J.: 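Here it is: the structure, laid out below.
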Amino acid sequence: MMAAEPESPQVRSDRSPWNWLLIIPIVVPLMTPIFNRDEPRLFGFPAFYWVQFLFIALGVATTTIVYRMTKR
């Protein structure tokens with residue numbers, strides 16, 4: 001019997017342009033002058049605090065999009 005030739009490993013490239021979307025949840029929270037204010041209030045919380053929770057949702061959404069567009 002002949003021995004099977006070992007399969008060459010596929011070269012994986014993580015250089016997808018979709019990865020650039022991951023910059024959004026990093027950069028947007030750093031722009032504090034945009035949301036550093038007291039008004040409008042949501043359920044009694046100043047804008048600064050509830051916008052922080054929106055950033056969590058933004059990070060989850062962009063990570064999900066990048067994952068789904070780059071999975072093989």
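What you see below is based on every heavy atom in this structure, not just the backbone, and it leaves out hydrogens, waters and symmetry mates. Here the structure is a predicted model, which means the values were calculated and not measured.
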J.: Could you pull out all residues at least two apart from R41 that satisfy side chain to side chain donor-acceptor pair (under 3.5 Å)?
T.: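 Applying side chain to side chain donor-acceptor pair (under 3.5 Å) to R41 gives D38.
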J.: Can you list every pair that meets salt bridge (Lys or Arg N to Asp or Glu O under 4.0 Å) and has a residue in residues 25-35, with sequence neighbours left out?
T.: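 Output for this query is empty, none listed.
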J.: Residues in side chain to side chain contact (heavy atoms under 4.5 Å, CB included) with L30, at least two apart?
T.: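 Partners of L30 under the side chain to side chain contact (heavy atoms under 4.5 Å, CB included) test: none.
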J.: Who pairs with I65 by side chain to side chain contact (heavy atoms under 4.5 Å, CB included), at least two apart in sequence or on another chain?
T.: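 By the side chain to side chain contact (heavy atoms under 4.5 Å, CB included) rule, I65 matches W18, L21, M69.
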J.: Quick one: name the residues clustered hydrophobically with Y67, using the 4.5 Å side-chain heavy-atom rule over I, L, V, M, F, W, Y, and just say none if it's on its own.
T.: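 Listed partners: none, Y67 stands alone.
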J.: Establish whether I26 and I24 are linked, either directly or via other cluster members, by ILVMFWY side-chain heavy-atom contacts under 4.5 Å.
T.: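 No, no single cluster joins them.
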J.: Which heavy atom of P25 sits nearest a heavy atom of L22, and at what distance?
T.: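 Scanning both residues, the minimum pair turns out to be CD-O, 3.3 Å.
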J.: Name every donor-acceptor pair, under 3.5 Å, that has one atom in a side chain of residues 44-62 and the other anywhere in the protein, sequence neighbours excluded.
T.:
| unit_1 | atom_1 | unit_2 | atom_2 | d |
| --- | --- | --- | --- | --- |
| W50 | NE1 | P40 | O | 3.1 |
| T62 | OG1 | L58 | O | 3.0 |
| T62 | OG1 | G59 | O | 3.2 |

